[in-house]
Amino acid sequence: MKLAKVDAAQLAAQTEPLAEEILAGLRAEPKHIAPKYFYDRKGAALFDAITGLDEYYVTRLEAAIFRRYRSEICAAIGAGVHLVEPGAGSCEKIRWLLPDLQPQLYTPMDISAEHLYASVTRLRKDFPSLNVAAQVCDHTAGLRLRDDLPDVPRVFFYPGSSIGNFESEAAVDFMRTMRSAISGRGGLLIGVDTKKDKSVLHAAYNDRAGITAQFNLNVLDHLNNLLGGDLDPANFIHVARYNETLGRIEMYLQSTRQHCAVLAGERLEFAAGECIHTENSYKYYPQEFIALAQRAGFVPQELWQDEQAWFSVMYFSAY
Ligand code: AVJ
């Protein structure tokens, strides 16, 4: 099967820096920046470093679950599917399923064309018989699937508890969007972080080496580069706390002093102690998450967890 590359115009339209969106968030009260802006080249590298931290159990446990239950997971999905991975980034996690799972086609999606094509090149080298049709797409703004894709069962792969970045209602909406992109047999394989002791969560987002702090602060450099600006990371500190009521980690950049900055030609004022909300990371008990997926039209099939039930991998079918 040969599929043409994404054309340049489509690519440009989808990756255009969203100055208005970003400025609207920084004019708002409280100020906020969407977590997708963490991932410039440096941010992606910092996130990779986070996944290797002792305190960040998320990636380690998810990988262990996939190692231990790979054959069950592949059996639940079945062979010959079209696997679609929104926000695939480095395309590392699909390797957990290969070569056991024999998809007909793999569609990694990412907001960064550069990152995506580099990842796909590496993947093709290691799995030359895998059909890959990559797609540049900001999946938080809607799924754009090409219409020249084969008519085989479509299975979405959304690992890493990326779903935790959405507010719960938005998570249902996003799952509904995936659900409606499945026409026949198909499903959703998803990794979800679980509610657990507050101290464990706190440590995972406040690591001793300060990598999460660097990751959070880097968003300012990314915005400066993207839009032209002088947001100074030295004026902010990293704050991450678990909001028990809402069941989510909240990350902020807190201004340590009153100051002004310019971004995309606009003057922004920061009071001493003022926070920019940069990320939510929702945690769900499996039953809570299953209820959300059901509201999106998915049917629960399987649940795999580590021994401590700190992380969950779930498979839902579309029917
Ligand atoms: C990629 C959204 C799953 O919420 O744990 C890690 C991002 N932020 N440390 C998470 C993140 C700070 C991560 N997700």
Side-chain angles (χ1 to χ4, degrees), residues 14-40 42-43 46-47 50 87 111 138-142 161-177 193 195 198 201-202 204-206 210 212-284 288 292:
Q14 291 179 18
T15 52
E16 209 164 80
L18 302 163
E20 259 321 299
E21 181 194 281
I22 293 165
L23 287 172
L26 289 171
R27 280 176 208 133
E29 194 47 62
K31 292 183 170 68
H32 54 88
I33 300 170
K36 64 185 173 190
Y37 295 110
F38 283 137
Y39 302 95
D40 63 351
K42 183 158 178 221
L46 284 166
F47 181 69
I50 288 174
I111 189 171
D138 172 8
H139 67 276
T140 66
S161 206
S162 298
I163 196 73
N165 272 169
F166 292 92
E167 306 267 346
S168 301
E169 284 311 304
V172 173
D173 290 343
F174 179 56
M175 287 193 279
R176 226 176 248 134
T177 304
D193 196 14
K195 287 196 169 93
K198 208 176 162 151
L201 290 168
H202 187 269
Y205 294 84
N206 291 280
T212 308
Q214 284 184 52
F215 172 74
N216 195 6
L217 287 159
N218 177 65
V219 77
L220 300 175
D221 286 332
H222 186 204
L223 296 193
N224 288 336
N225 293 334
L226 210 54
L227 305 181
D230 64 0
L231 288 161
D232 187 352
N235 286 330
F236 294 89
I237 53 165
H238 163 73
V239 175
R241 61 178 196 104
Y242 185 57
N243 181 329
E244 220 154 357
T245 315
L246 297 176
R248 69 187 197 192
I249 286 281
E250 297 169 358
M251 291 211 320
Y252 300 93
L253 289 169
Q254 184 173 33
S255 168
T256 51
R257 57 187 193 88
Q258 194 202 328
H259 73 281
C260 292
V262 173
L263 188 67
E266 188 162 320
R267 187 184 143 92
L268 301 167
E269 289 182 33
F270 297 91
E274 183 177 359
C275 286
I276 310 174
H277 189 183
T278 51
E279 185 170 46
N280 288 321
S281 185
Y282 278 81
K283 312 299 174 187
Y284 297 103
E288 293 177 309
L292 297 184

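Scope of the values below: all heavy atoms of this structure, side chains included, with no hydrogens, waters or symmetry mates.
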**Study point:** Where Asp221 and Pro233 come nearest, the two heavy atoms and their spacing
**Key:** OD1-CG, 3.7 Å
Check your understanding: So, Asn235 side chain and Arg257 main chain: donor-acceptor pair closer than 3.5 Å or not?
Key -> no
Point to revise | Heavy-atom pair of closest approach, residues Asp193 and Ser161 | key: N-OG, 2.8 Å
Exercise for review: Drop me the distance from Ile276's CD1 to Leu253's CG, to the nearest 0.5 angstrom.
Suggested key: 5.5 Å
Check your understanding: If you round to the nearest 0.5 Å, how far is CG of Leu227 from OH of Tyr37?
Key -> 8.0 Å
Review point. Should the ring pair Tyr39 and Phe47 be called parallel, tilted or perpendicular, given that the plane angle runs from 0 to 90° and is split at 30 and 60?
Key: perpendicular
Check your understanding: Do the non-hydrogen side-chain atoms of Phe38 and Thr278 ever get within less than 4.5 Å of each other?
Key -> yes
Practice item. May I ask you to check whether His259 and Phe270 place their ring centers less than 6.0 Å from one another? Key: yes
Point to revise | Spatial distance of atom CG (Leu223) from atom CG (Leu23) [nearest 0.5 Å] | key: 9.0 Å
Study note, to complete from the structure: d(Ser255 OG, Lys31 NZ) to nearest 0.5 Å is 8.5 Å
Point to revise | Note, Tyr205 side chain near Asn216 side chain (heavy atom, < 4.5 Å) | key: no
**Study point:** Carboxylate-amine/guanidinium contact Arg248 Glu279, below 4.0 Å
**Key:** no
**Study point:** Tyr284 versus Leu292, closest heavy-atom pair with distance
**Key:** CE2-CD1, 3.6 Å
Check your understanding: Below 4.0 angstrom, N of the basic side chain to O of the carboxylate: do Glu244 and Lys195 qualify?
Key -> no
Point to revise | Neighbour count above 12 (heavy atom, 6.0 Å) for Gln258 CD | key: no
**Study point:** Distance in Å, Lys36 NZ paired with Asp138 CG, rounded so as to fall on 0.5 Å steps
**Key:** 3.5 Å
Point to revise | Side-chain touch Ile33/Ile22, heavy atoms, less than 4.5 angstrom | key: no
Check your understanding: Quick one: CZ on Arg241 to CE on Met251, what's the gap to the nearest 0.5 Å?
Key -> 13.5 Å
Revision key, fill the gap. Tightest non-hydrogen contact, residues Pro30 and His32, listed as O-CD2, 3.4 Å
Exercise for review: Report yes if the side chains of Tyr282 and Ile163 come closer than 4.5 Å at any heavy-atom pair, otherwise no.
Suggested key: no
Point to revise | Shortest non-hydrogen separation from Glu269 to Cys260 and the atoms involved | key: CG-SG, 3.7 Å
Point to revise | Check: Asn165 side chain, Asn280 main-chain N or O, donor-acceptor pair, under 3.5 Å | key: yes
Exercise for review: Decide yes or no on side-chain contact (heavy atoms from CB on, under 4.5 Å) for His238 and Phe215, but give the supporting numbers first.
Suggested key: CA-CA 9 Å; His238 163 73; Phe215 172 74; over 6 Å; no
Revision key, fill the gap. Exactly one of Leu268, Leu263, Leu220, Val262 clears side-chain contact (heavy atoms from CB on, under 4.5 Å) with Asp230, and that residue is Val262
Point to revise | Chi angles and distances behind the side-chain contact (heavy atoms from CB on, under 4.5 Å) call for Gln214, Asn218 | key: CA-CA 6 Å; Gln214 284 184 52; Asn218 177 65; 6.0 Å; no
**Study point:** Exceeds 12 heavy-atom contacts within 6.0 angstrom, atom CZ of Arg27
**Key:** yes
Point to revise | Step-by-step side-chain contact (heavy atoms from CB on, under 4.5 Å) determination, Lys198 to Leu201 | key: CA-CA 5 Å; Lys198 208 176 162 151; Leu201 290 168; 5.7 Å; no
